[in-house]
Amino acid sequence: AQDKTDAARAELRAADVEATGDLVAAARVRNYEGAIERRGRDMLAARSAFEGGLLLAEQADAPHLAAVLRSNLVDSYMHLGLLKDALAVGQRALPVLQRFGDRYYERSLHHNLAIAHIKLRQFEQARQALARVSEFGTDPGDLVLRARELRELADTWAEAGQFKEALVAL
């Protein structure tokens, strides 16, 4: 796995050189970099990459890409314990994702906002966000992702002492 991560980082360095002078391309490279760092469980590096990409996307006046980067930042902030920051960034991304009809990122964002609300013991807001997630349904191609989300949801409910909700999530 480490060899693949190292190879991906090398590819990103090459892509970064190719993106020189193109703010949107550079922001996309930062987004991919953040995803790779997140997959490697380095949330500080992921946060740094997503924040760097967000600055570039804003400079490029690319609102959809900025919203995608904000959506990805929510996950990083959550895992770093920056729950209020996660909610604030997510709330900025949500209307833009809706305006662009980006159902994939909107659904993922609602899930992550629900997790943040649970961790903050804001259970009613969490339930509202989860109701929004269920409105999207589940694409058969996303069943593995959905299983991971449900496991994360069950673990988070259990950590908050909400065992009934944890069992329902399973």
Side-chain angles (χ1 to χ4, degrees), residues 27-28 30-58 62-170:
R28 286 191 175 119
R30 294 284 90 67
N31 191 40
Y32 292 124
E33 177 186 348
I36 287 169
E37 297 301 345
R38 179 174 50 206
R39 185 165 286 180
R41 304 276 186 245
D42 187 343
M43 289 302 167
L44 284 173
R47 172 189 174 182
S48 177
F50 291 138
E51 287 176 339
L54 178 56
L55 290 173
L56 293 166
E58 288 175 336
H64 179 251
L65 182 54
V68 166
L69 284 151
R70 281 189 178 93
S71 180
N72 285 330
L73 265 172
V74 169
D75 188 62
S76 295
Y77 286 166
M78 262 190 344
H79 289 286
L80 291 169
L82 304 170
L83 301 173
K84 290 182 181 178
D85 292 335
L87 292 176
V89 167
Q91 291 305 323
R92 284 197 62 195
L94 192 55
V96 179
L97 294 172
Q98 290 169 334
R99 188 174 84 227
F100 280 89
D102 191 333
R103 294 177 54 80
Y104 177 83
Y105 273 97
E106 183 184 350
R107 190 192 146 298
S108 176
L109 179 56
H110 282 297
H111 169 81
N112 284 332
L113 291 173
I115 297 293
H117 282 302
I118 294 167
K119 288 178 180 261
L120 287 167
R121 305 189 67 75
Q122 298 170 346
F123 301 134
E124 188 51 40
Q125 292 95 321
R127 288 182 188 96
Q128 290 171 11
L130 290 170
R132 293 298 315 270
V133 170
S134 67
E135 291 173 11
F136 288 89
T138 302
D139 185 309
D142 290 334
L143 291 178
V144 171
L145 170 65
R146 187 65 184 139
R148 286 184 189 130
E149 287 176 345
L150 291 172
R151 185 174 53 240
E152 178 185 35
L153 185 60
D155 290 347
T156 305
W157 278 121
E159 288 167 8
Q162 303 298 304
F163 303 111
K164 177 181 168 192
E165 286 87 348
L167 290 171
V168 169
L170 292 174

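Note that the coordinates shown come from a computational prediction; the quantities given were computed from them, not determined experimentally.
Taking the side chain as every heavy atom from C-beta outward, Leu87 and Gln122 approach each other to under 4.5 Å. Between Val89 and Leu54, every side-chain heavy-atom pair lies at or beyond the 4.5 Å cut-off. For the pair Arg38/His79, no side-chain contact is recorded, criterion being any heavy-atom separation below 4.5 Å from C-beta on. Residues Leu145 and Glu149 have side chains in contact (heavy-atom distance under 4.5 Å, counting atoms from C-beta outward). Leu153 has its side chain within reach of Ile118: a pair of non-hydrogen atoms, C-beta onward, lies under 4.5 Å apart. Taking 4.5 Å as the limit, every side-chain heavy atom of Leu83 sits out of range of all side-chain heavy atoms of Tyr77. At least one side-chain heavy atom of Ile115 sits under 4.5 Å from a side-chain heavy atom of Glu152. For the pair Gln125/Leu120, no side-chain contact is recorded, criterion being any heavy-atom separation below 4.5 Å from C-beta on.
Enclosure of atom CZ in Arg146 by more than 12 non-hydrogen atoms of other residues, nucleotides or ligands within 6.0 angstrom is indicated. Heavy atoms of other residues, nucleotides or ligands lying less than 6.0 angstrom from OH of Tyr32 number 12 at most. No more than 12 heavy-atom neighbours from other residues, nucleotides or ligands sit within 6.0 angstrom of CZ on Arg148. When the shell of 6.0 Å around CZ of Arg99 is examined, it contains more than 12 heavy atoms from other residues, nucleotides or ligands.
Put simply, CG on Asn112 and OG on Ser76 are 9.5 Å apart, with the number rounded to the nearest 0.5 Å. Here the OH atom belonging to Tyr104 is positioned 12.0 Å from the CG atom belonging to Leu97, to the nearest 0.5 angstrom. Interatomic distance, Leu109 CG to Leu73 CG, rounded to the nearest 0.5 Å: 11.0 Å. Between atom CZ of residue Phe100 and atom CG of residue Leu65 there is a gap of 10.0 Å, rounded to the nearest 0.5 Å. Expressed to the nearest 0.5 Å, how far CG of Leu69 lies from NE2 of His64 amounts to 10.0 Å. Here the straight-line distance linking atom OG of Ser71 with atom CZ of Arg107 works out to 11.0 Å at 0.5 Å rounding.
Closest of all the heavy-atom pairs between Ala66 and Glu58 is CB-CG, 4.4 Å. In terms of heavy-atom proximity, Ala27 sits nearest to Gly53 at CB-O, 3.5 Å. Closest approach of Asn72 and Tyr105 over heavy atoms only: OD1-CE2, 3.7 Å. Listed here is the closest heavy atom pair of Ala45 and Glu37: CB-CG, 3.7 Å. Across all their heavy atoms, Trp157 and Ala126 have their closest contact at CH2-CB, 4.3 Å. Annotation for Ala166 and Ala158: closest pair CB-N, 3.8 Å, computed over non-hydrogen atoms.
Under 4.0 Å is where a charged nitrogen must lie from a carboxylate oxygen, and between Glu106 and Arg103 no such pair does.
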Legend entry - Derivation and outcome, side-chain contact (heavy atoms from CB on, under 4.5 Å), residues Asp75 and Met78: CA-CA 5 Å; Asp75 188 62; Met78 262 190 344; 3.8 Å; yes
Legend entry - Test log, rule side-chain contact (heavy atoms from CB on, under 4.5 Å), inputs Leu82 and Arg47: CA-CA 11 Å; Leu82 304 170; Arg47 172 189 174 182; 3.5 Å; yes
Inset, instruction - Apply the test side-chain contact (heavy atoms from CB on, under 4.5 Å) to residues Leu113 and Gln91: give CA-CA distance (whole Å), side-chain angles for both, the deciding distance (0.1 Å), then the verdict. - result: CA-CA 9 Å; Leu113 291 173; Gln91 291 305 323; 3.7 Å; yes
Inset, instruction - Kindly indicate, with the supporting measurements, whether the criterion side-chain hydrogen bond (donor to acceptor under 3.5 Å, both in side chains) is fulfilled by His110 and Glu135. - result: CA-CA 11 Å; His110 282 297; Glu135 291 173 11; over 6 Å; no
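The backbone N or O of Ala160 sits less than 3.5 Å from a side-chain atom of Arg121, completing a donor-acceptor pair.
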